[in-house]
Amino acid sequence: MRIGDAAAAAGMTPRALRYYEQQGLMTARRTPSGHRVYDAEDIRRLRAVRELRDAGLTVGDVRAVAPLLRTMSAGGVADLLPQDPESGRCSAAEAVARRRLADLDARIARLSHLRARLAARLGEPGTGAPEMAERAGPDSGARAGADSGARAGADSGPVFRLVAAPSPGTPALGA
């Protein structure tokens, strides 16, 4: 089958299929006229790539386990990433998945921290100085109380409070 049909069968776009080919996750056979052709095995592999990507793995992660895709059973990704540590299935794929999971956890923690800091600077309820002091650590208690949670560092700055716009006739700041 041609690229459009193969992409549709795998649940992706032809552009994504070409991208995966460029990244070494797929190798298409060519007709004498240069058209790409795919078979059922290629579709199975593309579906596995899509499942792994949908599960949160990067293209680099999938590339690391790409040799395993050829040996994967018809069960697909469920067999590639074991849920039972005693199963002994595919420790290389599990290591890649666990590394990605740790990276996602770190990103979530960082984004949660940034959100809390921004919320505190905007004065959202429940994000005041006590929470900031707890996150800052025990040695910064006096400082946290003195400056309402602002901390020193490259990304620290003033605490912003949103207030209503000045009424007409009120002089602007710096005027």
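Along the sequence shown, residues carry numbers from 1. Remember, it's a predicted structure, so these values are computed and weren't measured experimentally.
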*Asks:* Grab the two heavy atoms, one from M12 and one from L46, that are nearest each other, plus how far apart they are.
*Replies:* CE-O, 3.5 Å

*Asks:* Is it the case that over 12 heavy atoms from other parts of the model lie below 6.0 angstrom from the CZ atom of R107?
*Replies:* no

*Asks:* Do V62 and T58 come close enough that some side-chain heavy atom pair is under 4.5 Å?
*Replies:* no

*Asks:* Is D39 paired with R29 through a side-chain N to carboxylate O contact shorter than 4.0 Å?
*Replies:* yes

*Asks:* Tell me the closest heavy-atom pair linking A7 and P14, and the distance in Å.
*Replies:* CB-N, 3.5 Å

*Asks:* What's the shortest heavy-atom distance between R45 and L25, and which atoms?
*Replies:* NE-O, 2.6 Å

*Asks:* Is R53 reaching over with its side chain to a backbone N or O of L57, donor-acceptor style, under 3.5 angstrom?
*Replies:* yes

*Asks:* To the nearest 0.5 Å, what is the distance between CZ on R50 and CD1 on I43?
*Replies:* 10.5 Å

*Asks:* Can you confirm whether the side chains of H35 and R2 place a donor and an acceptor under 3.5 Å from each other?
*Replies:* yes

*Asks:* Under 4.0 Å between a Lys/Arg side-chain N and an Asp/Glu carboxylate O for R99 and D103?
*Replies:* no

*Asks:* Quick check for you: to the nearest 0.5 Å, what is the distance between E124 atom CD and L118 atom CG?
*Replies:* 7.5 Å

*Asks:* Test of understanding: with salt bridge (Lys or Arg N to Asp or Glu O under 4.0 Å), list the residues that count as partners of R36, not counting sequence neighbours.
*Replies:* E21

*Asks:* Does R98 form a salt bridge (charged side-chain N to carboxylate O under 4.0 Å, His left out) with E94? I'd like the steps, not just the answer.
*Replies:* CA-CA 6 Å; R98 291 207 180 276; E94 185 176 3; 3.0 Å; yes

*Asks:* Give a yes or no answer on whether the side chain of D54 reaches the backbone of E51 with a donor-acceptor pair at less than 3.5 Å.
*Replies:* no

*Asks:* So, for I3 and Y38, which heavy atoms are closest and what is the spacing to 0.1 Å?
*Replies:* CA-CE1, 3.7 Å

*Asks:* Donor-acceptor pair, distance only, cut-off 3.5 Å: does the side chain of R100 make one with the backbone of A55?
*Replies:* no

